[in-house]
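The structure appears below as structure tokens.
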Amino acid sequence: MTDCYIYDHVRTPRGRGRPDGALHEVAPIDLASGVLRAVRDRNGLDTSLVDDVVLGCVMPVGEQGHDIARVAVLCADYAETVAGVQINRFCASGLEATNMAAAQVMSGQSDMVIGGGVESMSRVPIGSDGGAWHTNPEVAFKTYFAPQGIGADLIATKWGFFRDDVDAYAVQSQRRAAQAWAEGRFARSIAPVTDVLGDTLLATDEHMRPATDMQSLGALKPAFTSLGEDCGYDAVAKLRYPEVDAIRHVHTGGNSSGIVDGAAAVLLGSKEAGIAAGLKARARIRAFASIGSEPCIMLTGPEKVTRKVLKRAGMTVDDIDLFELNEAFASVVLLFQKLLEIDNDKLNVNGGAIAMGHPLGATGAMILGTVLDELERRDLNTALVTLCVGAGMGTATIIERV
Amino acid sequence: MGGVTHAVGADGVGILTVDLPQGLDALDAATSGTVAAAIDALLGDQAVRGIVIHFPTASEQAGGADAGAVAAELRAVTDAAARRKAALARVSVLQSALRRLETGGKPAAAAIGASLSGGAFEVALACHRRVVADDAALRLGMPRVSEARIPSGGATQRLVRMAGAIAALKLLHGGSLTAADAQAAKLVDEIVPADAVLARATAWVQSAGAEAAVRAWDTKTFRLPGADPRTHHGGGQFAVANALQRKATGGRSPAADAVQQLAYQACLVPMDVGLRLESKYAARLLIDAAAH
Ligand SMILES: CC(C)(COP(=O)(O)OP(=O)(O)OC[C@H]1O[C@@H](n2cnc3c(N)ncnc32)[C@H](O)[C@@H]1OP(=O)(O)O)[C@@H](O)C(=O)NCCC(=O)NCCS
């Protein structure tokens with residue numbers, strides 16, 4: 001098997017995913033081609049060396065439709081020979097895209113590939129793609145479909161995380177993100193987004209609220225009570241989990257991942273490809289995996305896929321220096337931490353999607369980059385990146401510095 | 001009098017009177033066969049240029065009347081393929097006659113003098129126009145779905161295409177509407193004094209042109225009313241309707257599940273495909289009942 005190395009990564013700052021967000025005026029194709037241009041320009045990359053661009057995108061319809069990866073390649077003025085493919089593993093799409101890109105290299109079928117992702121949640125909102133899972137009655141019934149927020153509240157109920165627990169986690173996310181920004185820990189990887197005049201539209205993550213404390217969070221209303229009670233989803237969840245009496249709705253807009261716009265790109269290749277392009281490898285992809293988990297609760301995949309990928313790599317939890325788990329909802333992280341007994345100082349050390357937002361298709365690639373930057377800053381070696389995934393899945397990647 | 005009778009007036013309007021106080025059950029082969037034969041007779045009669053189906057009395061179907069008996073009959077058919085065929089034939093008698101009425105080129109109006117539920121309402125839904133008596137006590141709707149049966153006279157398809165899936169599902173799971181609410185839901189065209197129902201329906205048929213004998217869903221310009229599961233908003237509405245169905249049924253009603261699925265399919269396929277699916281689901285429920 002060929003080793004696959006990470007040569008570089010860039011991401012946009014994340015804009016609030018609303019019509020008043022800073023990136024709303026930017027079409028998703030421009031977010032995607034923007035990070036492709038950035039990764040080319042900062043590495044002086046001869047793009048004819050790139051075989052393929054794999055981009056995650058979770059709502060690949062409308063202006064994110066038509067294989068946005070290939071169209072972004074064209075818009076970024078890459079060599080015409082660079083192919084592009086869009087993939088969807090829901091919330092882990094960005095990481096899955098880098099895994100699939102790495103797989104091309106590891107299998108010896110490509111030399112240099114870009115993985116990444118894009119999502120403009122302000123322009124192509126969640127749910128835009130329809131799909132059988134929630135709308136087709138037989139499918140919804142068979143899978144006990146309930147939205148993610150219900151799964152998050154179900155996790156909190158089942159494993160005994162209370163409102164104070166999830167809020168405390170959210171405060172920590174905000175505090176860590178604020179500190180990371182203040183100390184410039186993200187600076188190396190951020191490609192600011194500019195407008196048509198060339199002025200900077202956004203250079204920092206817009207969703208953050210550094211002043212967040214327990215009191216301000218405590219005042220927020222649970223976001224999923226009505227979905228649970230009025231729309232019937234608590235009943236669906238209880239049919240699947242009869243041992244749960246009443247679902248405690250503890251998640252709010254303050255302890256759930258933010259709705260944001262953004263894109264990311266990770267430059268991957270074989271050792272030889274790096275030499276040919278005059279690049280220095282920063283890390284090696286050591287192992288990756290995906291797994292299925294129970295779809296109704298939906299968000300318990302990260303622990304399972306972490307065990308799977310560790311086993312595949314012949315490693316244990318203790319061999320990992322830093323963990324990065326997407327903060328889809330606070331309870332997802334608390335459960336992961338509890339089940340795998342992970343030290344709080346090793347997990348999401350620079351905050352995550354609760355503070356900075358979760359641009360669905362891009363997040364996996366973003367946090368892979370974040371943790372690589374942090375490994376370098378701390379001079380540590382190994383990191384495990386994972387995300388919970390819609391319909392009950394988990395995806396994970398282990399990287400190690402070289 | 002009473003029962004199912006038909007006659008043709010000098011004006012060329014065929015009057016089919018459906019006077020079934022015990023209700024019309026699409027699974028009742030004898031009565032459904034009589035209604036079907038009368039429809040076919042009027043459609044085939046050169047002298048008939050339009051049809052009024054008159055419901056002078058209330059015809060309310062209690063859920064599940066015959067399903068057990070039909071299942072027992074099917075049990076006697078031991079060959080699986082033959083059993084499927086027999087079940088399909090059984091559930092299709094009324095539905096196929098109503099589709100012939102709907103597409104037969106002769107304008108048909110329902111003159112509804114009293115409450116209808118179940119099969120009789122399905123007959124009325126297949127007409128090109130519904131004229132209803134102004135009576136506050138009158139109700140139009142469907143019986144609760146019960147174990148082995150779902151509406152099989154086309155209601156799962158017509159209600160969705162007329163009123164939209166969410167409103168249709170409320171009726172299909174066992175709901176009814178006043179005449180005024182049914183009119184607001186686009187299920188009723190006209191509300192007139194009780195003694196004028198037959199005359200108004202007849203007058204409409206007399207003046208109706210050929211275009212009046214075509215349902216919207218059989219034209220190229222048809223636009224589905226209400227929730228469309230292919231859209232962002234409609235998909236969300238469907239998802240919630242699915243969850244609320246779970247809350248109401250606890251996942252214990254295959255018939256309620258079939259109704260939900262047929263309402264979904266009704267949004268996505270042409271009428272004839274939807275009707276075929278309705279028959280198949282109805283037949284499958286009977287076959288499953290026969291297996292127990
Ligand atoms: C939870 C969720 C529904 C909240 O949506 P929302 O209500 O639109 O969120 P908002 O950002 O408007 O926050 C709600 C309120 O909390 C306030 N708020 C949010 N974070 C806050 C914070 N840290 N401190 C103080 N107030 C805060 C907002 O100001 C807002 O108040 P307002 O209603 O007075 O304006 C949404 O964020 C969500 O769905 N997140 C998960 C996304 C998802 O499912 N991703 C894919 C699967 S992981």
Side-chain angles (χ1 to χ4, degrees), chain A residues 58-65 120-151 153-154 224-242 244 246-247 259 295-296 298 390-391, chain B residues 145 150-151 156-157 159-160 164-166 168-170 172-173 224 226-269 273-274 277-278 280-282 284-285 288:
Chain A
V58 181
M59 293 296 142
V61 295
E63 53 176 347
Q64 292 183 165
S120 174
M121 299 181 75
S122 72
R123 292 172 68 122
V124 190
I126 295 188
S128 297
D129 64 341
W133 177 29
H134 65 311
T135 60
N136 183 314
E138 289 175 349
V139 181
F141 298 159
K142 187 177 176 64
T143 56
Y144 294 85
F145 170 81
Q148 294 89 331
I150 299 294
D153 286 339
L154 179 56
F224 304 105
T225 310
S226 171
L227 266 182
E229 291 172 5
D230 306 333
C231 299
Y233 288 115
D234 281 359
V236 173
K238 281 194 285 186
L239 283 172
R240 183 64 186 80
Y241 289 87
V244 170
I247 292 170
I259 308 275
C296 175
M298 204 189 302
Chain B
V145 294
I150 55 170
T156 67
Q157 300 305 300
L159 285 172
V160 172
I166 304 303
L169 277 167
K170 286 210 177 85
L172 288 166
H173 284 305
L224 181 77
D228 181 338
R230 291 164 297 194
T231 65
H232 186 180
H233 183 61
Q237 287 179 287
F238 251 91
V240 170
N242 292 340
L244 289 173
Q245 192 265 24
R246 255 17 206 173
K247 189 174 182 176
T249 67
R252 285 184 294 271
S253 172
D257 292 359
V259 160
Q260 197 86 9
Q261 190 68 15
L262 286 163
Y264 170 79
Q265 289 277 17
C267 299
L268 305 171
V269 299
V273 178
L277 284 169
E278 182 187 83
K280 288 181 180 179
Y281 274 88
R284 194 173 77 181
L285 285 165
D288 288 347

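Keep in mind that this is a model prediction, so the values were computed, not measured.
- Taking 4.0 Å as the cut-off between side-chain N and carboxylate O, A:Asp234 and B:Arg246 do not count as a salt-bridged pair.
- When side chains are defined from C-beta on, A:Phe224 does not count as touching A:Pro147, because their heavy atoms never get closer than 4.5 Å.
- A distance-only check finds no donor-acceptor pair linking the side chain of B:Gln260 to the backbone of A:Pro137 [under 3.5 Å].
- Looking at B:Gln265, there are no atoms closer than 4.5 Å to chain A (heavy atoms on both sides), in backbone or side chain.
- Aromatic ring pairs are classed by plane angle as parallel below 30°, tilted from 30° to 60° and perpendicular above 60°; the pair A:Tyr233 and A:Phe145 is perpendicular.
- In terms of non-hydrogen atom pairs under 4.5 Å with chain A, the most contact-rich of B:His233, B:Gln245, B:Gln237, B:Arg230 is B:Gln245.
- Ranked by heavy-atom pairs shorter than 4.5 Å toward chain A, the options B:Leu268, B:Val240, B:Thr231 are led by B:Val240.
- Contact count against chain A (heavy-atom pairs under 4.5 Å) is highest for B:Gly250 among B:Gly236, B:Gly250, B:Ala241, B:Ala227.
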